[in-house]
Trainee: 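I'd like to ask some things about the structure below.
Computed from a prediction, not measured in an experiment: that's the story for all the values here.
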Amino acid sequence: MSSPSLRVLAVIPPMTQLNTPYPSTAYLTGFLRSRGVEAQQVDLALALVLDLFSPQGLSALRDAVQAVPAPRRTPQTAWFDAEFDTIAAVTPRVLAFLQGRDPTVAHRINTRAFLPEGARFASLEHYIGEEGEDPLAWAFGALGLQDRARHLATLFLNDLADVLRDAVDPRFEFVRYAEKLAAAQPHFDPLAVALATPPHLIDTTLQRLTREALVQHAPDVVLLSVPFPGSVYAAFRIAQTIKTERPDVVTVLGGGYVNTELRELAEPRVFDFFDFVTLDAGERPLLALLEHVAGKRSRSRLVRTFHREAGEVKYTNFVEPDIPFDEVGTPTWDGLPLDRYLSLLDMLNPMNRLWSDGRWNKLTVAHGCYWKKCSFCDVSLDYISRYEAASASVLVDRIEAIVRETGQTGFHFVDEAAPPKALKALAEELLRRGVAISWWGNIRFEKTFTPELCQLLADSGCIAISGGLEVASDRLLKLMKKGVSVEQVARVTKAFADAGVLVHAYLMYGFPTQTTQDTVDALEYVRQLFENGCIHSGFFHRFACTVHSPVGLNPAEYGVTLQPMPPGRFAKNDIAFIDPTPTDNDGLGQGLKKGLYNFMHGIGIDSDIRSWFPVRVPKTTVPRRFIERALAPR
């Protein structure tokens with residue numbers, strides 16, 4: 001690197017995750033340090049929540065609650081005001097418990113007399129069985145002391161988040177903060193108006209934390225990595241503060257949200273906050289940008305970078321090869337407070353809890369997707385289309401370095417779909433070196449995952465696998481170019497389950513041409529997968545068409561007509577479409593989610609599939625023993 005004198009600060013903006021650092025800054029910091037750049041990182045998402053729930057933050061929140069006019073007060077703000085003294089006393093203990101620093105307080109939490117209980121605790125009523133029965137016994141059992149307390153403590157924090165939402169900012173969420181200001185938002189106006197509004201308690205706290213980071217790290221360049229629409233508003237607030245406090249600091253916006261939604265950015269006002277906006281894998285654009293900032297590269301030789309020139313947005317992409325995946329370096333979590341992250345347990349879905357519970361080292365087995373054909377996916381974009389794997393030796397070197405640095409042996413492989421060949425080589429290398437880790441990730445349920453390979457992966461530390469069954473219909477799986485069949489998915493998931501691996505299925509409804517019959521049959525397939533011990537959890541989501549997917553690029557091929565996109569110069573991603581298939585997806589979605597929720601808890605697996613739907617649906621056409629026969633020896 002030709003400009004090592006520059007000081008770079010990579011920032012995780014609110015809100016992302018509270019249980020573990022979002023990995024983008026760890027990747028960029030590790031890479032930049034490998035090139036001789038003085039790089040640091042800070043997680044302002046975690047810092048913001050811990051500050052808001054500190055004694056000073058809670059006191060300020062009470063002032064905000066008491067300033068709310070009586071007609072606008074809610075049950076949650078009334079609860080907070082009435083219980084404030086107790087809330088202020090127990091919150092530090094709750095945070096310490098969720099950080100793993102005070103585990104014995106679990107006994108107090110489980111009494112149900114320690115924590116003041118707001119509206120969020122009403123959800124426990126859904127679990128109550130016989131009169132007098134412990135409502136959480138079914139989920140945690142007699143020995144689940146820590147898990148039970150973690151769930152109750154998480155409900156308590158969610159109550160506090162509700163108070164912030166009711167008294168300070170109605171857009172506040174732990175993971176989707178002000179999402180509607182940015183998600184597929186063609187106009188910048190809503191975000192501009194929000195940013196011009198006088199700052200409230202959350203804003204002023206974030207501004208103070210930003211100023212403290214500027215003083216501590218004295219950066220020349222600040223990188224704001226924005227993975228989701230729910231972290232855009234806060235990222236702009238951070239950049240706004242930097243431009244007010246230190247206008248000489250160069251601010252750069254990048255990340256997953258930018259890579260999908262801002263590819264056609266033409267809004268000059270974005271550059272009141274950010275000097276540059278970069279697309280796709282950040283390593284090569286950052287090297288070029290830092291050389292430019294150091295005066296060693298002209299603006300015309302920037303790589304995949306937007307900037308403002310004479311009041312207009314310009315995009316420059318001087319063609320240079322990307323950094324090989326083998327050479328991007330090892331992620332580092334140096335500088336992040338790994339002992340302060342909060343292991344939450346808000347959803348009792350066994351796979352979803354992995355996302356929020358525990359401190360996972362996030363690592364990528366391969367860049368991009370080796371399949372890159374699924375018609376619902378953004379296969380035209382770099383993060384999917386450019387596939388490149390690292391050798392097993394390099395991956396295990398990275399794993400060992402990360403374990404030495406963090407002291408944690410849990411890994412989440414964040415690939416779009418981890419390739420079976422690479423996973424096999426990785427497992428063999430882990431076992432050969434005697435490296436004991438626990439890991440989980442996302443795959444395609446393809447036939448390469450034989451029982452023997454599934455057992456090998458389990459032996460190497462695989463504890464959970466997720467994958468897309470999607471529409472659970474062979475006709476639709478073929479239409480979406482998924483490259484799997486229902487029978488094949490059954491055999492692969494069963495092989496993983498038999499190896500002791502938790503299996504989660506991603507499921508979809510509302511795909512183009514999907515009929516009511518297709519949807520009912522999909523739930524029957526899912527029922528049988530649970531019945532035969534193939535999967536342990538799942539989640540149904542509604543199909544959304546994006547402009548970068550094959551459906552969005554070639555709608556006629558899928559029997560749909562795209563609606564005209566509203567004009568705008570900001571974000572562009574989801575696109576509305578007309579599907580002539582007469583299907584009540586709203587009503588069907590309710591039945592799918594209700595049925596799946598019960599199947600995960602072993603309830604109603606033998607019931608008629610039609611009983612889960614609130615609308616009239618036809619009888620399933622799937623043979624009752626379809627999955628059982630698919631699993632029979634051949």
Trainee: Taking all atoms of both residues into account, what is the closest heavy-atom pair of A497 and V503, and its distance?
Mentor: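 Minimum heavy-atom separation between A497 and V503: N-CG2, 3.9 Å.
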Trainee: Between the side chains of T448 and E446, is a donor N or O closer than 3.5 angstrom to an acceptor N or O?
Mentor: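 Looking only at side-chain atoms, E446 and T448 do form a donor-acceptor pair, the distance falling under 3.5 Å.
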Trainee: Are side-chain N/O atoms of N19 and S343 paired as donor and acceptor at under 3.5 Å?
Mentor: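 The answer is no; no qualifying pair exists.
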Trainee: Indicate the atoms forming the closest heavy-atom contact of F376 with M508, along with that distance.
Mentor: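 Smallest interatomic distance, heavy atoms only, reads CG-CE, 3.7 Å.
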Trainee: Is the number of heavy atoms from other residues, nucleotides or ligands within 6.0 Å of CZ (R340) greater than 12?
Mentor: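 No, the 6.0 Å shell around CZ holds no more than 12 heavy atoms from other groups.
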Trainee: Within the structure provided, determine whether W439 and I399 are in side-chain contact (heavy-atom separation under 4.5 Å).
Mentor: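 Counting from C-beta outward, W439 and I399 never come under 4.5 Å.
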Trainee: Any side-chain to backbone donor/acceptor pair from D415 onto V365? Under 3.5 Å, distance only.
Mentor: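 Answer holds: yes.
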Trainee: For residues R359 and N361, is any side-chain donor paired with an opposing acceptor at under 3.5 Å?
Mentor: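 R359 vs N361: donor-acceptor pair found between side chains.
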Trainee: If you look at every heavy atom in F156 and P116, which pair is closest and at what distance?
Mentor: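 Closest pair (atom of F156, atom of P116, distance): CD1-O, 3.5 Å.
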Trainee: Taking atom types as modelled, is there a side-chain donor on Q455 or D459 under 3.5 Å from an acceptor on the other?
Mentor: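 The answer is yes; a qualifying pair exists.
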Trainee: State whether the side chain of Q528 and the backbone N or O of F626 hold a donor-acceptor pair below 3.5 Å, judged by distance alone.
Mentor: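 Judged by distance alone, yes, a pair lies under 3.5 Å.
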Trainee: Assess the side chains of S466 and W440: does a donor N or O sit below 3.5 Å from an acceptor N or O?
Mentor: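 No donor-acceptor contact under 3.5 Å links the two side chains.
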Trainee: Ignoring hydrogens, what is the shortest heavy-atom contact between A64 and V168? Give both atom names and the distance.
Mentor: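 In terms of heavy atoms, the two residues are closest at CB-CG2, 4.0 Å.
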Trainee: Side chains of D339 and Q99: do they bring a donor and an acceptor to under 3.5 Å?
Mentor: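 Note: D339 and Q99 side chains miss the donor-acceptor criterion.
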Trainee: Does Y257 reach the main-chain N or O of G230 with its side chain, forming a donor-acceptor pair under 3.5 Å?
Mentor: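 Looks like no, no N/O pair under 3.5 Å.
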Trainee: Could you check if a side-chain atom of L98 sits within less than 4.5 angstrom of a side-chain atom of L157, using non-hydrogen atoms only?
Mentor: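 Yes, close enough: below the 4.5 Å cut-off.
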Trainee: How long is the span from the SG atom in C454 to the CZ atom in R491, to the nearest 0.5 Å?
Mentor: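 Taking SG in C454 and CZ in R491, the distance rounds to 12.5 Å.
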Trainee: What are the two closest non-hydrogen atoms of A472 and V486, and how far apart are they?
Mentor: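 Nearest heavy atoms, A472 then V486: C-CG2, 3.8 Å.
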Trainee: Taking side chain as C-beta onward, heavy atoms only, is W333 less than 4.5 Å from P21?
Mentor: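 W333 reaches P21 side chain to side chain.
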Trainee: Is a side-chain donor-acceptor pair under 3.5 Å present for Y22 with D43?
Mentor: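 Result is no, nothing qualifies.
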Trainee: Return yes if some donor-acceptor pair links the side-chain N/O of T364 with the main-chain N/O of A366 below 3.5 Å, else return no.
Mentor: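 Side chain of T364 to backbone of A366: no pair is present.
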Trainee: D498 versus K494: any side-chain heavy-atom pair under 4.5 Å?
Mentor: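 The answer is yes; the side chains approach within 4.5 Å.
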Trainee: Closer than 3.5 angstrom, by distance alone: can the side chain of T91 be matched with the main-chain N or O of A88 as a donor-acceptor pair?
Mentor: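 Not a single qualifying donor-acceptor pair exists.
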Trainee: Show, in sequence, the C-alpha distance, side-chain angles and deciding distance for E416 and N442, and conclude whether the side chain to side chain donor-acceptor pair (under 3.5 Å) test is met.
Mentor: CA-CA 6 Å; E416 298 300 316; N442 196 58; over 6 Å; no
Trainee: Could you tell me whether a side-chain N or O of Q488 sits under 3.5 Å from a main-chain N or O of F445, the two making a donor and an acceptor?
Mentor: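 Yes; judged by distance alone, with no hydrogens or angles, the pair exists.
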Trainee: Does a donor on one side chain sit under 3.5 Å from an acceptor on the other, for D203 and Y233?
Mentor: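 The answer is yes; a qualifying pair exists.
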Trainee: Would you confirm whether E400, through its side chain, and V435, through its main-chain N or O, come within 3.5 Å as a donor-acceptor pair?
Mentor: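 Answer holds: no.
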Trainee: List the steps, then state whether ring-ring contact (aromatic ring centres under 6.0 Å, His included) holds for F449 with F496.
Mentor: CA-CA 8 Å; F449 288 105; F496 273 110; 5.5 Å; yes
Trainee: Taking atom types as modelled, is there a side-chain donor on Q40 or T29 under 3.5 Å from an acceptor on the other?
Mentor: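 There is no such pair between these side chains.
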Trainee: Determine, stepwise, if the pair Y506 / H504 fulfils ring-ring contact (aromatic ring centres under 6.0 Å, His included).
Mentor: CA-CA 7 Å; Y506 289 113; H504 174 88; 4.8 Å; yes
Trainee: Would a distance-only check, ignoring hydrogens and angles, find a side-chain to backbone donor-acceptor pair under 3.5 Å from Q41 to T332?
Mentor: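 At least one qualifying donor-acceptor pair exists.
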Trainee: Okay, side chain of D81, backbone of T77: is any donor-acceptor separation there less than 3.5 Å?
Mentor: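 No, the answer is negative, given that no donor and acceptor are paired below the 3.5 Å cut-off.
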Trainee: Atom CG of L152 and atom CD of E117: how far apart are they, to the nearest 0.5 Å?
Mentor: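 Between atom CG of L152 and atom CD of E117 there are 7.0 Å.
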Trainee: Between N110 and L145 (side chain of the first, backbone of the second, donor and acceptor by atom type, cut-off under 3.5 Å), is there such a pair?
Mentor: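 Checked: pair present.
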Trainee: Would the number of heavy atoms belonging to other residues, nucleotides or ligands and lying under 6.0 Å from CZ of R165 be above 12?
Mentor: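 Yes.
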Trainee: Any chance you could measure R527, atom CZ, to D521, atom CG, to the nearest 0.5 Å?
Mentor: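 Nearest 0.5 Å value for the CZ-CG distance: 12.0 Å.
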Trainee: Does R108 have more than 12 heavy atoms from other residues, nucleotides or ligands lying within 6.0 Å of its CZ?
Mentor: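 No, CZ of R108 has 12 or fewer neighbouring heavy atoms, counting only those of other groups under 6.0 Å.
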Trainee: Taking side chain to side chain contact (heavy atoms under 4.5 Å, CB included) as the criterion, tell me which of T154, V49, L164, L342 meets it with F174.
Mentor: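 One option only clears the test, and that one is V49.
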Trainee: Are side-chain heavy atoms of L206 and L44 found at a separation under 4.5 Å?
Mentor: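 Yes, their side chains come closer than 4.5 Å.
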Trainee: Inspect the contact between R433 and D397 and indicate whether a charged nitrogen and a carboxylate oxygen are less than 4.0 angstrom apart.
Mentor: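 Looking at D397 and R433, the cut-off is met.
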Trainee: Kindly indicate whether the side chain of N598, heavy atoms from C-beta on, has any atom under 4.5 Å from the side chain of W612.
Mentor: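 Side chain of N598 against side chain of W612, heavy atoms only: contact under 4.5 Å found.
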